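Working notes, structure below.
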Amino acid sequence: MSVEQLIKECKKQHPKAQEQLYRLYGSKLFSICLKYSNNYANAEDTLQDSFITIFDKIKQYKGKGSFEGWMKRITINTALQKFRKQKVFDIISEEQLEEVEVDIDEETVSLDYLLELIQQLPDRYRLVFNLYVLDGFSHKEISEMLAISTGTSKSNLARARKILKEKIETNQVPQIMKSIEG
């Protein structure tokens, strides 16, 4: 069954089509959920909530633009809604922090480990980091999505990069020492 046909069947609320759509896109959307969640269980909850919203609003999809992109946007918004309710964005100083460059030795820092480090970031830093670095939103767009100022977005990004840099560097030192000693 084509994606277009799946969409038509999902608009009719056919459970088999919904299941097939979930199987087709579940893993892609779950990776987004993992980026925005601080643990696996929260990512699973976000994925489930996202698909509920997707199935509820699928009649609104008019075939313009990418269907996958439409679902990704719903998934990101679902994840962000949880944090808006928690009010994770405390008012903080908007001083401009120095831009931090993070050099990653890809041989000693795996993608899984990097994702784990990102998940350990405080919520406000993780959300801004993901939106800016991984999903390509501008600080203006992020400030609108999260109801924060552009300066807060920039500050949170700088702090996230600084924390990640410190964690990566402390991880790389033992790895380098092992390779020297070994």
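In this text the structure is predicted, and so the values were computed from the model without any measurement.
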[atom1]-[atom2] distance between [X] and [Y], expressed to the nearest 0.5 angstrom:
{"X": "F51", "Y": "C10", "atom1": "CZ", "atom2": "SG", "answer": "9.0 Å"}
{"X": "I163", "Y": "K167", "atom1": "CD1", "atom2": "NZ", "answer": "7.0 Å"}
{"X": "L127", "Y": "I118", "atom1": "CG", "atom2": "CD1", "answer": "12.0 Å"}
{"X": "M145", "Y": "L131", "atom1": "CE", "atom2": "CG", "answer": "5.0 Å"}
{"X": "I74", "Y": "Y61", "atom1": "CD1", "atom2": "OH", "answer": "11.0 Å"}
{"X": "W70", "Y": "I58", "atom1": "CH2", "atom2": "CD1", "answer": "5.5 Å"}

- Item | From CA spacing to verdict: salt bridge (Lys or Arg N to Asp or Glu O under 4.0 Å), R23, E19 | CA-CA 6 Å; R23 289 183 190 278; E19 180 182 346; 2.8 Å; yes

Please find the pair of heavy atoms, one from [X] and one from [Y], that lie closest to each other, and give the distance.
{"X": "L34", "Y": "Q119", "answer": "O-NE2, 3.1 Å"}
{"X": "A160", "Y": "F129", "answer": "CB-CB, 4.0 Å"}
{"X": "R159", "Y": "Y125", "answer": "CD-OH, 3.0 Å"}
{"X": "K35", "Y": "L115", "answer": "CA-CD1, 4.2 Å"}
{"X": "S149", "Y": "S143", "answer": "C-CB, 3.7 Å"}
{"X": "R126", "Y": "D123", "answer": "NH2-OD1, 2.8 Å"}

Within one Ile-Leu-Val-Met-Phe-Trp-Tyr cluster: [X] and [Y], side-chain cutoff 4.5 Å:
{"X": "V3", "Y": "L29", "value": "yes"}
{"X": "Y132", "Y": "L134", "value": "yes"}
{"X": "I54", "Y": "L24", "value": "yes"}

Would you say [X] and [Y] make side-chain contact, with heavy atoms under 4.5 Å?
{"X": "I142", "Y": "L157", "value": "no"}
{"X": "M71", "Y": "Y25", "value": "yes"}
{"X": "K162", "Y": "E166", "value": "yes"}
{"X": "T75", "Y": "L47", "value": "no"}

- Can a donor-acceptor pair be found between the side chains of Y36 and D135 at a distance below 3.5 Å?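 Per modelled atom types, Y36 and D135 side chains form a pair under 3.5 Å.
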
- Indicate whether any N or O donor in one side chain lies under 3.5 Å from an N or O acceptor in the other, for E44 and Q48.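 There is no such pair between these side chains.
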
- Query: So does E4 pair up with K8, basic N to acidic O under 4.0 Å?
  - Reply: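 Judged by the 4.0 Å cut-off on N to carboxylate O distance, E4 and K8 do not form a salt bridge.
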
- Message: Quick test of your reading of the model: are D45 and K82 salt-bridged, counting only N-O distances below 4.0 Å?
- Response: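 The answer is no: the pair does not qualify as a salt bridge.
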
- Message: Under a 3.5 Å distance rule, please check whether T152 uses its side chain to pair with a backbone N or O of I148 as donor and acceptor.
- Response: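 No.
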
- Message: Tell me whether S50 contacts the main-chain N or O of T46 through its side chain, where contact means a donor paired with an acceptor under 3.5 Å.
- Response: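 Yes; at least one donor-acceptor contact below 3.5 Å.
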
- Message: With a 6.0 Å cut-off (strictly less than), is the heavy-atom count around NZ of K11, excluding the residue itself, greater than 12?
- Response: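 Yes - once you tally the heavy atoms of other residues, nucleotides and ligands closer than 6.0 Å, there are more than 12.
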
- Message: Counting only heavy atoms from other residues, nucleotides and ligands, does the tally under 6.0 Å from CD of Q120 exceed 12?
- Response: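 Yes, enclosed.
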
- Identified side-chain hydrogen bond (donor to acceptor under 3.5 Å, both in side chains) partner of S153 from the options E144, H139, K140: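 Per the side-chain hydrogen bond (donor to acceptor under 3.5 Å, both in side chains) rule, the option paired with S153 is H139, out of E144, H139, K140.
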
- Item | Pair Y40 and F30, ring centroids less than 6.0 Å apart |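 Yes - the distance between ring centres of Y40 and F30 falls below the 6.0 Å cut-off.
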
